[in-house]
Novice: 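Take a look at this one; I'll ask things after.
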Amino acid sequence: MFVEIFSLIVAILAIAFMAFMINKKILPLSMGNEKIEEIAGHIRSGAMVFLRREYTFIAIFVVVVAILIAIFLDVRVMICYLLGSVFSMLAGFIGMRVSTASNARCSNQAHENGTDGALKVAFSGGSVMGMAVVGLGFLGVIITYIAYRDPAPIMGYSLGASSVALFARVGGGIYTKAADLGADLVGKVEAGIPEDDPRNPAVIADNVGDNVGDVAGMGADLFESYCGAIISSLALGYTYYADNGVRFTMWLATIGILASIFTSFMFMTTKHRNPQKSLMSTLYVSGGVVVIAALILSYAYFGNMRAALAVITGLITGILIGILTEVYTSDKFRHVQRIALESETGVATNIISGLSTGMLSTVFPMLLIAIAIIIAFTAMGVYGVALAAVGMLSITATTVTVDAYGPITDNAGGIAQMAGLPEEVREITDELDSIGNTTAAIGKGFAIGSAALTALSLFISYSEAAMIDNISILDSKVVAGMFIGGTLPFLFSALTMNSVGKAATQMIEEVRSQFRKNPEILNGNADPNYASCIEISTTASLKEMIIPGILAILAPILVGLILGPEALGGMLSGALVTGVLMAIFMSNAGGAWDNAKKYIESGHLDGKGSEAHKASVVGDTVGDPFKDTSGPSLNILIKLMTIVSVVFAGLFI
């Protein structure tokens with residue numbers, strides 16, 4: 001009982017630390033002059049309009065599903081489902097509010113106090129999202145575990161988190177890329193105006209999109225992975241190792257939170273000469289604390305180091321996948337430089353090079369995941385696989401912090417330019433933003449790796465819930481299920497990509513229309529209508545996210561009811577393999593295209609306005625929905641379908 005109470009206290013401590021960062025490190029800081037406040041106000045109000053309407057739809061969906069769960073399953077599952085949904089939405093709301101409050105303060109700190117001041121504001125804003133994810137996520141897990149002490153209803157908590165995560169990722173991804181494409185293709189390519197130019201009608205919607213996609217969306221993604229991994233580990237730990245399995249998992253998650261609080265506090269009290277080194281050190285220190293704790297706990301509860309081996313394997317795998325992500329997406333390495341070089345011969349060669357880079361980038365991460373699964377399973381069986389996922393996600397607070405830091409600095413740069421701050425301010429925010437590309441790569445690595453391991457551990461939980469001893473590929477229904485599952489990530493990606501295309505078309509037409517009807521906008525003598533572009537992105541994204549979201553819920557239920565539990569197992573395995581491959585491919589191809597454009601814009605290959613630059617902008621716009629909509633959403637798709645299968649397994653037997 002002690003570990004449960006202590007874990008509860010630590011979860012509350014994370015929430016208290018989040019409140020401390022908001023009220024002591026962010027809100028007391030000045031936003032600067034009236035122009036900065038005005039621009040920040042547009043971004044903040046646009047983000048809140050989107051979030052309010054998105055959460056209204058999600059709330060209706062959650063209530064309908066909750067009623068169905070109460071009717072067909074168990075009221076306890078319904079209660080856990082509602083709690084998971086509410087806590088996930090609350091974490092997203094807090095993260096969004098704080099990121100849109102931090103961006104202007106980051107700009108002003110860059111102006112008044114230089115790099116260190118801006119860095120600490122952005123880090124503070126990111127840490128709020130990180131602590132919201134682990135504090136609320138772990139709090140809900142502990143509350144439901146203490147209340148029921150039964151893994152079956154607690155799976156409903158993970159289902160609630162997964163449901164919200166999918167809509168947050170898909171809706172946010174469609175929003176941000178529709179705005180981004182409209183701003184880039186019409187503003188930068190056709191009109192020839194700079195990025196983040198206040199004359200661009202889509203510029204505010206573009207900055208809003210950074211928050212709804214990369215802060216709220218990423219937070220919901222890792223909230224779901226974090227909760228799902230812990231719950232699966234609790235269930236499997238109790239099944240195979242009784243109370244020791246449960247206590248080990250709880251201690252591991254608890255110490256991970258404490259390690260993240262410690263590193264965040266140390267970061268805020270230190271002056272930083274090398275921002276990238278400082279940010280990365282928070283990951284390494286947090287991870288080091290977890291490794292030491294895993295070694296001690298493994299010996300204390302199991303009398304050996306096998307559990308620690310599984311945990312360390314997961315943690316190292318997440319970091320290595322993040323490093324590989326940077327290798328394939330950073331302009332410091334040859335892959336991105338090759339895409340930039342091939343842009344000199346036109347759009348076609350740019351696209352071909354980006355696609356091949358994305359495909360190539362899947363090989364080593366998949367090998368790492370395969371090796372991690374073998375090591376973890378050899379160490380502790382199926383429980384070891386779940387521990388590898390928990391190990392990877394034990395420092396989620398730090399991972400989300402350094403990831404959410406990026407959109408804040410990106411917004412800060414846009415605000416600095418729109419507000420007419422000195423050029424050196426934009427140079428500071430651009431430097432911090434470029435570092436954010438590295439930290440975002442680490443975040444993507446953890447998101448993808450954790451998706452694979454969490455889905456696999458939940459798959460094991462499904463096989464137990466459905467009382468399946470083995471799944472034979474000689475069974476025709478299993479093979480059919482595998483083909484159906486393998487197809488779903490492609491169908492899902494097609495739907496989300498098409499949604500971005502339709503929303504972007506509306507945005508492009510709106511921006512062109514404003515330039516055509518009022519030429520004074522481009523002359524700087526009239527203000528564009530920012531609100532209309534925000535409305536287009538909001539309406540289109542909410543409309544287009546419905547079908548992909550419902551597909552993820554209904555597909556496993558229909559296959560389970562029609563073809564049976566073994567066929568559903570085949571479907572989940574097929575979706576897991578192709579889903580992870582597609583997620584890595586799309587995310588890395590999109591990132592490579594994006595940084596190839598930035599490489600040219602930094603002065604290489606004749607720089608901005610060159611033929612290579614024009615080709616790279618087109619490549620980047622193709623890659624945007626790859627890396628920010630479809631790719632990240634696939635991480636959630638494979639987990640959501642698996643947790644739906646676990647929760648509804650009783651209906652398929």
Novice: Parallel, tilted or perpendicular: which fits the ring planes of Phe459 and Tyr462, with parallel below 30° and perpendicular above 60°?
Specialist: tilted
Novice: Inspect the contact between Glu37 and Arg105 and indicate whether a charged nitrogen and a carboxylate oxygen are less than 4.0 angstrom apart.
Specialist: no
Novice: Quick check: closest heavy atoms across Pro632 and Phe626, and the distance to 0.1 Å?
Specialist: CD-O, 3.9 Å
Novice: When you measure from the side chain of Ser537 to the backbone N and O of Ile534, does any donor-acceptor pair fall under 3.5 Å?
Specialist: no
Novice: So Phe167 and Phe57, ring-ring contact (aromatic ring centres under 6.0 Å, His included) or not? Walk me through it.
Specialist: CA-CA 9 Å; Phe167 288 116; Phe57 169 81; 5.4 Å; yes
Novice: Would you confirm whether Thr629, through its side chain, and Gly173, through its main-chain N or O, come within 3.5 Å as a donor-acceptor pair?
Specialist: yes
Novice: Run the side-chain contact (heavy atoms from CB on, under 4.5 Å) check on Leu13 and Leu258 step by step: do they pass?
Specialist: CA-CA 9 Å; Leu13 179 63; Leu258 289 174; 4.0 Å; yes
Novice: Does the side-chain contact (heavy atoms from CB on, under 4.5 Å) test come out yes or no for Lys639 and Ile643, once each step is laid out?
Specialist: CA-CA 6 Å; Lys639 291 176 290 184; Ile643 193 63; over 6 Å; no
Novice: Is the backbone N or O of Ile26 less than 3.5 Å from a side-chain atom of Ser124, with the two atoms forming a donor-acceptor pair by type?
Specialist: no
Novice: Students often mix this up, so state it plainly: with edges at 30° and 60°, are the rings of Phe87 and Tyr157 parallel, tilted or perpendicular?
Specialist: perpendicular
Novice: Whether the Ser127 and Thr401 side chains hold a donor-acceptor pair (N or O, under 3.5 Å, no angle test) is what I'd like checked.
Specialist: no
Novice: With no hydrogens and no angle check, is any side-chain donor or acceptor of Ser158 less than 3.5 Å from a backbone partner on Ile154?
Specialist: no
Novice: Does the ring centre of Tyr175 sit less than 6.0 Å away from the ring centre of Phe50?
Specialist: yes
Novice: Check Leu222 against Thr399 and note the closest heavy-atom contact, atom names and distance.
Specialist: CD1-CG2, 4.4 Å
Novice: If you take the centroid of each ring, where Trp contributes its six-membered ring, are Tyr55 and Phe93 closer together than 6.0 Å?
Specialist: no
Novice: Spell out, as yes or no, whether a donor-acceptor pair under 3.5 Å connects the side chain of Ser532 to the backbone of Asn529.
Specialist: yes
Novice: Which residues satisfy the salt bridge (Lys or Arg N to Asp or Glu O under 4.0 Å) test with Lys502, sequence neighbours excluded?
Specialist: Glu544
Novice: Whether the side chain of Ser286 engages the backbone of Leu283 through a donor-acceptor N/O pair (distance < 3.5 Å, no angle test) should be reported.
Specialist: no
